[in-house]
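A quick write-up on the structure given underneath.
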Amino acid sequence: QRGGAAASTLQRMHRRYRLTRSQDFDTVYRRGRSVSTRYLVLHWFTREEDGDEPRLGLAVPKSTGTAVARNRIKRRLRELWRARLDRIPSGRDYVLVVREGLIEAAEARGADWLGERLDEVLGKAAGA
């Protein structure tokens, strides 16, 4: 299966739980806080309006890999994020920035390793 057929069989992260506007990213960067690990940087900002689910934006710089590799890592990170929603504080906007080396390491070490990297940065944020 490819294209729309494959996408419809996967549970997708609903658009309202994603940051898509440049203005939203800028707000998180300028007014929020951040923590970083070797492979990821997590920025977050508590929204003014009483929000429900946390919203996630992903930033994967072109220097980290090809378009195919960047899109693949974004899909994997969204899936891992969705699986952890019950542990992530609501009412916040988050931007997860991928650093150089993550894509290659994730491809070599697998999804469990990538999940551990996400848990690592979320743990730092919880303690900040």
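Note: hydrogens, waters and symmetry copies are ignored here, and every other heavy atom, side chains too, is used.
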Point to revise | Derivation of the side chain to side chain contact (heavy atoms under 4.5 Å, CB included) call for L77 and V60 | key: CA-CA 11 Å; L77 286 168; V60 186; 5.5 Å; no
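- Considering every non-hydrogen atom in both A59 and V95, the closest pair reads CB-CG1, 4.4 Å.
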Practice item. Let me see the working for L56 and R82 under side chain to side chain contact (heavy atoms under 4.5 Å, CB included), right down to the final yes or no. Key: CA-CA 10 Å; L56 174 67; R82 221 181 7 253; over 6 Å; no
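- The structure places CZ of R109 at 11.0 Å from CD of E104, a figure rounded to the nearest 0.5 Å.
- How far CH2 of W44 is from CZ of R92: 7.0 Å, rounded to the nearest 0.5 Å.
- Closest approach of S90 to P54, counting heavy atoms only: CA-CD, 4.0 Å.
- In this structure, I73 and L114 have side chains that are in contact, with non-hydrogen atoms separated by less than 4.5 Å.
- With values rounded to the nearest 0.5 angstrom, R70 atom CZ is found 13.5 Å from L102 atom CG.
- Interatomic distance, D24 CG to T20 OG1, rounded to the nearest 0.5 Å: 6.5 Å.
- Partners of R31 by side-chain contact (heavy atoms from CB on, under 4.5 Å), not counting sequence neighbours, listed by chain and number: T27, F45, E48.
- Under the side-chain hydrogen bond (donor to acceptor under 3.5 Å, both in side chains) criterion, the residue pairs touching residues 56-68 are S63-E100, with sequence neighbours excluded.
- Screening L19, V28, L58, I88 for a side-chain contact (heavy atoms from CB on, under 4.5 Å) with Y94, the sole residue that qualifies is I88.
- The ring pair (Phe, Tyr, Trp, His ring centres under 6.0 Å) test applied to F25 returns no partner, not counting sequence neighbours.
- Heavy atoms of other residues, nucleotides or ligands lying less than 6.0 angstrom from CZ of R33 number 12 at most.
- V35 and V121 get closest at one heavy-atom pair: CG2-O, 3.7 Å.
- A salt bridge between E120 and R117 is present, with a side-chain N of the basic residue lying under 4.0 Å from a carboxylate O of the acidic one.
- Sparse packing is recorded around CZ of R30, with 12 or fewer heavy atoms of other residues, nucleotides or ligands lying under 6.0 Å away.
- The distance from the CD atom of E107 to the CZ atom of R72 is 5.0 Å, given to the nearest 0.5 Å.
- Using a 4.5 Å heavy-atom cutoff, the side chains of Y17 and W81 are not in contact.
- Shortest non-hydrogen contact noted between A106 and W113 is N-CZ3, 3.6 Å.
- To the nearest 0.5 angstrom, D119 atom CG is 11.0 Å from T37 atom OG1.
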